[in-house]
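Just below is one structure, and these are the notes that go with it.
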Amino acid sequence: MGPSGAGKTLLLHTIAGIYVPSRGTVRIGGVDVTVFPPEKRSVALVPQDYALFPHLTVFENISYGLRTRGVGSSEIEERVKRISEELEISHLLHRMPRTLSGGEQQRVALARALVVEPKVILLDEPTAALDPALKTSARSLLRSLHAKHGFTAIHVTHDIVEAIELADRIAFMSGGRILQIGEPMEILYNPKSSEVLKFTGEINLYSAEIVGSKSGCIVLELKPSNLRVMAAPIPQHLDLGETGRVHVVIRPEDIVLSKKPPIQTSARNVYEAVVENLLDRGPIYLVVMDVMGIRLKSYITRGALEDLRIKPGDKVYAYFKASSIRILGVK
Amino acid sequence: MGPSGAGKTLLLHTIAGIYVPSRGTVRIGGVDVTVFPPEKRSVALVPQDYALFPHLTVFENISYGLRTRGVGSSEIEERVKRISEELEISHLLHRMPRTLSGGEQQRVALARALVVEPKVILLDEPTAALDPALKTSARSLLRSLHAKHGFTAIHVTHDIVEAIELADRIAFMSGGRILQIGEPMEILYNPKSSEVLKFTGEINLYSAEIVGSKSGCIVLELKPSNLRVMAAPIPQHLDLGETGRVHVVIRPEDIVLSKKPPIQTSARNVYEAVVENLLDRGPIYLVVMDVMGIRLKSYITRGALEDLRIKPGDKVYAYFKASSIRILGVK
Amino acid sequence: MLFILIPLIVLHIATNYFLTYKLVQAEIVLRAFITTFTAASASTIILAILGIPLSYILARREFRGKSIVESIIDIPLVIPHAVVGILILVAYSSRTSIGNILSNLGLIVEDNFWGIVFVMVYVSAPLLVDSVKDGFKSVDPMLEYVARTLGAGPYRTFFTISLPMAWRSVVTGIILSWARAVSEVGALLIVAYYPKTINILIIEWFNTFGLEYAKSLTVPLLVICIVLFACIRYLSRRA
Amino acid sequence: MLFILIPLIVLHIATNYFLTYKLVQAEIVLRAFITTFTAASASTIILAILGIPLSYILARREFRGKSIVESIIDIPLVIPHAVVGILILVAYSSRTSIGNILSNLGLIVEDNFWGIVFVMVYVSAPLLVDSVKDGFKSVDPMLEYVARTLGAGPYRTFFTISLPMAWRSVVTGIILSWARAVSEVGALLIVAYYPKTINILIIEWFNTFGLEYAKSLTVPLLVICIVLFACIRYLSRRA
C-alpha cells in the first residue's frame, strides 16, 4: 500500500522478474530468484489493466500457462473448465477479450493466473479499473479465492480500505521505500512515520463484532472495548463469514458534538466522550476524544469550538447516525 | 447547463460558426449569421483547454485578434496592456503558453477573447480544467469581468453550482435538446421535466441574505421566509458585493432529525419542522419538511425512520452544523 | 546494419579524394550537379505549392473518395522506377495530346529539363504529401477555430496558425522529397538522358571509365544527402 | 493527384494488350520476371530473418547508440540510386577483401544474381525495419511480461505473443520491402546488368525497340505492384 508514485508497481515487477534490481535479492519460498527470468519464478502477474492477450480467446488465454508447461490437452481442458466454473466465466470461454466487460476481464485474468497454481500471485491494483459497484464484489471474490487456493498474494493498492479488508500483512511504501510492514491493525494503530500516519488519515477505524440487530439496524461492538454502536444493515454482497467480526469506518465530519446529552434522535449513536486533544486543521478543528477506550475523531468548525468552549479533558457528547457507519468487511 | 454528452459544446460551436447547422438559424443581436464564417460573427470562443496558440507568446496571443483587424501597433500595445493589467497577467506577456499554469492560461485565453470586444463571448466549461481551489476564484473573476465589460457570455457547464452562481438565464440541455430556459431560480424551483429535476437533485438550495455575524459565524436569513441560520465564515475570495444576498446549499445528508428538541450542540441550527413527505430512495429515505415556509430535505436510514415513527404531518426537530452550509456566491 | 554501414566506410577509405576534387571542377560534372539540383529544387517547389494545400485538405476535411485520393498519391511509392519513366513518356511526351499542349507551353518532356522535373515530381509527391499531412493532423483544429472567431479569415488562419505550427513536418517533407528527387535515375534513363543529371553521369562514367571515376563522383553527392538526412533526424527528434 | 493518375489511365488506353500477351510468353521476358521476383523474394526473406529480430530489439530495448543504429538503417532512403550501386560494388565486389570472402562462399556480386539481391536488401532494409519496429512498439510490453510469468521463455513469448500481435505491420513491411526491391533499377545498372531484371529489360528495349515494346512490358509489372499496394492499404485500414 502507498500513495501513487511510491514505487509499488515497480516492486511488483521486480518480484515478477521484469526488472532485475541493481542491488538486493528477491527470494521466493527461501530460494534466491534474483537473476531468474520471470518464467522460472512460479509467480503469476495480474496487471492493473489485466493485459489479456487480445489475439487469443478466453480459453486460449487461460490455457496459455498450461500449454507453455506442456500439459496434455485433455488435462488443459479439465483444468480450464474447473477454474472457469469457479470464477463463473465458463460461458465466456469462446469470446475474445475485447468483447468482455471490466469485471469479466478481471476474472479471466485471475483464472489465467490461478490455473497454473503459482506460488505467488501478484495483483496490481486489481480493482482500480472497476466501477465502484464492482469493486466490493471483486474484493470478496479475491478473499474467497485466497481462502480456497491458499496462494500467497501480493496485492498492490493505494486504497486503505482495500488493504485493510484483504491483507494479512501490509507493507506501506512511499518514495520507493517501504516505511512500515505489519498487520493491518498494527499499521493503523501504530504508524511508525508521519508518512504512514498521513495516509491512514484521520478516519475513525475500528475492529468490531456483530452482536445482534435491533429495529432494522445491526448492533456492533467496537473492539477492544465493548462499546456498542448501531449501524445500517450490511450490504448483501458482504460475506460476513462466521465470526461476525468486521471493520468499520466513521468519517470525522459525520460526528456531531454537544456539551449536554441530546435526546433520542435519528443520529442513533450517542456517547459520552472525554476530549483528549484539539488539532488545528485550517478552517476546522479535529477533536480527538476517548469513549470507553475507543478513540473518536470529529471535525468541528472554529465557531462551534469557541461556542462549545471545548478544551482537552472536557466531557462532551458525541453522536452520529447509524448510516454514517461504513462496514468495510470481514477480517 | 446539462449532463455531459448533452450537446452543449456542439451548440457553442454552432454559435461560433464552426459548424453550420443543417436546419435552423443563428441570430446575434437580431442579425441572422447562420451562414456567416466565424470571423464575421463578433463572437469570441474560449474553449475548454483554452487553445492558446503554442507558437506565439502571451502578448502575441492576446494581440492576435487585434492584428487581424488591422489595428495600429501603438493601439495594440495600449489595449493589450490595459486588459493584461486588469487580468493581472502583465508579467506573463513575454512567456510562451506552455510555461503557464492552468489558471494563468485561462486568464490569457480570457484576455485574448475580451481584447477584441466581441458582442458574445462563448465559454466552454472554463473552470473544468482548473484545480478545485482555483475554480472559485475563476468564477469570481468571470463575474467581475462580466460586470465591468457588459458582454453577453454564453457559458457552458455541467456544474449546477457554477450555473447558479454565474448565470442570468440558464438553458438546460440534454440529449441535444434544450429542455428548459429560465432564470436560475426558475429552473431550480420549477423544473419542467424529470431530466431537469434529476440534475438539480435533492439538494437544499436557498436564496439568503447576510444579516449579521455572531461568535465567529455569520447569520443568514433564508428567503422567502425570514428563517435565520448560522453559517461558517465566508471564504475570503467570495466577493459579497453590497446587497449581502447569497445562495446557500445544504446537503440532505447533513441534516439530522429528532422527535424531541436537542440541547445546544455544535450542530448550530435547530428548527421545528413539519414533515410533508417521505420518499423511498433505496436503502435510505428522503424526508421533505417545511420550516416556516422553507422546504428542507434530509436523508435518514430506514431504521431511523421506523424508530422515530415519522409520518407526513408530524412535527420533528431538524438540525445541522454551521459548517454544513455551503455559500455559493452572490446573486 | 553493418551491411549498410560497411560500404560507406569502404567508400571513404577507397576514394581518391584528389580525383574527386579535380572531377568536381570539370565542366560536365558541374553542369550535371547544377541540372540535378535545379531540377530537384524546381520539382520540390512545384510540389510544395500544389502539395501543401492538398495535404491540408486531406488532413482537415472528410469527403467521399478521400481514401481513394490518398491511395493514388501513394501509388508512386510502389511503382518500379523504369515503369515510372514509361508512364511519364506515355502520358506527357510531345507525341501525346496532353504532351502536345504541354510542349506548346514550352514544357517538353523527352530529353529535356522539364522531363526531369516531371519524373521528380512524380516520384517524390507521396513523400511530401504524407509528411505534411501528418504535420497538419497534429495541429489541434480548435486553434484554427479560435483564430477564426478572433477575426482571421481562412487564409490568414492557415498562414499564421496552421503552417507555422506544422513547420517541422513541412520542412521534413520538403527535404525528403528533394532527396528522393535527387536519388532518381531509372525513370530518367527513359524520359530524359539529356540534359545529364549526376546519377546518369555516374552510370555513364562507370560504363566508359570504370569504377574509379564513378566512385569519385559519388562522394560529394553522398555527403550532401547524408547532411540532409541528419537535418531530418534532428527535426523529428525535436518534435 | 491527377498528375499521378493520368499516366496510369493513358498507359491503359495506349497499351497493345495483344503485344503484352505475346511478350510475356517470350523466354527472355519470362526469365527477367523470374530473376526479378526471385531476387526480390530472396532479399525480402533475408531481410525478414535478420530485420525482424533487429526491429524487435530496436522497439523494446534502450541502449547507447540506439539512435545512431536507427539513423544508419534509414540512410539508404536518401542515397541516390546510382550511388547505392557504386557503394555495393566498392564494398562487396570480388576485387575487395570482403568481396573476396563472399565470392569464396559463392556470393559473387558483379553481374550476378547475388549482386541483385545485395542491392535489393540495401535499398529495402529501412522500409522493412521501420514498419516492423512500429508494429512491435504498438504491442503492450505488459502482455509479454505476463506471458513470461506464465512460464513462456523469451522465444516462445516472441512467437506466441509479440509476432502474432504485430503481424499486420510485419506483412506490410514485407510487402513494402518486396515492392521496393522490384522497383530498383539505378543501382542494378551498375552492379548487375546481367542476369537481366525486368526493369533493366524495359530500359534496354526502350533504347533498342522503342516505346511501344517497353510500354507493353510495363503493364504486368504495374498490375502486380498496384495489387500489392492495395493489400498494404487494406491491412493498414483494418489496424
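Within every chain, numbering begins at 1; the chains are lettered A, B, ... in the order of the sequence lines, protein sequences first and strands thereafter.
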Measure up the D/His81 and C/His81 rings against each other and bin them: parallel (under 30°), tilted (30 to 60°), perpendicular (over 60°).
parallel
Which residue out of D/Gly186, D/Gly51, D/Ser71, D/Ala187 racks up the most heavy-atom pairs below 4.5 Å with chain C?
D/Ser71
For C/Phe209 and C/Tyr213, take the angle between the two ring planes, folded into 0 to 90°, and tell me which bin it lands in: parallel under 30, tilted 30 to 60, perpendicular over 60.
tilted
Can you find a heavy atom in the side chain of D/Phe33 that is under 4.5 Å from one in the side chain of D/Leu221?
yes
At a heavy-atom separation under 4.5 Å, does C/Val84 approach chain D through its side chain, its backbone, both, or neither?
neither
By a 4.5 Å heavy-atom criterion (distance strictly below it), what part of C/Leu211 contacts chain D: side chain, backbone, both, or neither?
side chain
Heavy-atom nearest pair, D/Ile116 first then D/Ala192, reads CG1-CB, 3.8 Å
Answer whether the closest heavy-atom distance between the side chains of C/Lys66 and C/Leu58 falls below 4.5 Å.
yes
Only pairs of heavy atoms separated by less than 4.5 Å count here; which of D/Thr36, D/Val121, D/Ile175 has the most with chain C?
D/Val121
Quick check on C/Ala214 against chain D: is it the side chain, the backbone, both or neither that has a heavy atom closer than 4.5 Å?
both
Which of C/Val182, C/Ile226, C/Leu217, C/Ile75 touches chain D most, by non-hydrogen pairs under 4.5 Å:
C/Ile75
Tell me, do D/Tyr193 and D/Ile200 make a side-chain contact under 4.5 Å, heavy atoms counted?
yes
Whether the C/Trp178 and C/Ser41 side chains hold a donor-acceptor pair (N or O, under 3.5 Å, no angle test) is what I'd like checked.
yes
Centroid-to-centroid, D/Trp114 to D/Tyr92, below 6.0 Å?
no
Chain C contact via D/Val129 - which portion, at a heavy-atom distance below 4.5 Å:
neither
Chain C: which of D/Val185, D/Thr218, D/Ile190, D/Ile202 shares the most heavy-atom pairs with it under 4.5 Å?
D/Ile190
Could you have a look at D/Ala91, D/Ser183, D/Ala230 and say which one has the most heavy-atom pairs with chain C under 4.5 angstrom?
D/Ser183
Below 4.5 Å from any heavy atom of chain D, which atoms of C/Phe118 appear? Answer side chain, backbone, both or neither.
both
Taking side chain as everything from C-beta outward and backbone as N, CA, C, O, which of these in C/Ser67 sits under 4.5 Å from a heavy atom of chain D? Side chain, backbone, both or neither.
both
Heavy-atom cut-off 4.5 Å, strictly under: side chain, backbone, both or neither for C/Tyr122 against chain D?
both
